[in-house]
Protein chains: 2
Amino acid sequence: MTRARKAVLDALRSAEEPLSAAGVIARIGDICDQATVYRALSYLEETGSAESFVLHCARDGTERYYIAAGERHHHWFHCESCHRFIDLGVCRLGRLCDQLEREFDVRVTEHTLYFSGLCGDCRK
Amino acid sequence: MTRARKAVLDALRSAEEPLSAAGVIARIGDICDQATVYRALSYLEETGSAESFVLHCARDGTERYYIAAGERHHHWFHCESCHRFIDLGVCRLGRLCDQLEREFDVRVTEHTLYFSGLCGDCRK
DNA sequence: CGCCGTTTTGCAAGTGATTCGCAGAACAAG
DNA sequence: CTTGTTCTGCGAATCACTTGCAAAACGGCG
């Protein structure tokens, strides 16, 4: 693993929430170029060390967010007010996926799911 | 409802699947300008006549897809081979949303969910 | 119907996120 | 150390989408 890729993976691991490319660059942009960050993120995803999803948020626009891959994949809640993410724990769609595969005769290889709204703090 | 907006809404209604802005423009680009299509899509979504989600696909890249709003919102399956969408029927996440709201003390105002993989035809 | 203030449109240029081309740097194997 | 391969930085390009602005369409109302 090269220096740049390691730095990107470390950034993802130490973040407690999904990071956009811009987020990664904000953290380690001094270590390597933004093109390198993008390439490293693609590489990490291709090799299974990271996962990503595309999320649109009013403040930051549409960006792809990355997370270091863990044992099992998680889903996230995004607060539209403070723009933090809350980890909703491991995926609960296993049964639904199976059911849909049977019901619609498809092979589901991946799914994208996230929730947005207001977190407890911002709702008060 | 203006001519352009009506044309865009008709395009969404007559499509049996989510359309990207490019898809709409392919259908009615001769009637109005692409900027108008984008503006009309935003307008339709703001006023509740359409819904959208952002999907990434290997062939077409990352685009926002729109559907004419029906009684209840649906979720979709996207085939990575023929790039067609399959309507998976109305949302089945009601219970899960409620549960997550209680479990994590959040207010879920919207969610994004779609599945990708291979459809029955392409799997053969 | 004609006038006037508001909205919408077309066109062209601008943004923001992401990707690419290319030449030099870092590596890996022998 | 040499050589072939992979990775990086830098700058330019691309893609999806947005905006500024002037002309066109619309909506009331006298």
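Below, chain A is the first sequence line, B the second, and so on; all start at residue 1.
If you check every strand for non-hydrogen atoms under 4.0 Å, A:Ser20 touches nothing. Residue contacts shown for A:Arg39 include a base, since a base heavy atom lies under 4.0 Å away. Contacts of B:Leu41 with the nucleic acid, taken as non-hydrogen atoms under 4.0 Å apart, are absent. Using a 4.0 Å heavy-atom distance criterion, B:Ala4 is classed as a sugar-phosphate-only contact.
The number of heavy-atom neighbours closer than 6.0 Å to CZ of B:Arg72, taken from other residues, nucleotides and ligands shown, is 12 or below. Counting heavy atoms of neighbouring residues, nucleotides and ligands inside a 6.0 Å radius, atom CZ of B:Arg84 does not exceed 12 of them. Within a 6.0 Å sphere centred on CZ of A:Arg3, other residues, nucleotides and ligands contribute 12 heavy atoms or fewer.
Residues A:Ile31 and A:Leu9 share a single hydrophobic cluster, defined by chaining ILVMFWY side chains whose heavy atoms lie under 4.5 Å apart.
At the phosphate of D:dT8, OP1 or OP2 sits under 4.0 Å from a side-chain N or O atom of A:Thr2. For the OP1/OP2 pair of D:dA25 and a distance below 4.0 Å, the side-chain nitrogens and oxygens of B:Arg3 include no atom meeting the criterion.
With distances taken from any side-chain atom of B:Tyr38 to the nucleotides D:dT18, C:dT9, D:dG9, the minimum falls on D:dT18. For B:Arg64, counting side-chain heavy atoms from C-beta on, the closest listed nucleotide (C:dT9, D:dG9, D:dC17) is D:dC17. Looking at the side chain of A:Ala21, the nearest of the listed nucleotides C:dT9, C:dT18, D:dG9 is C:dT18.
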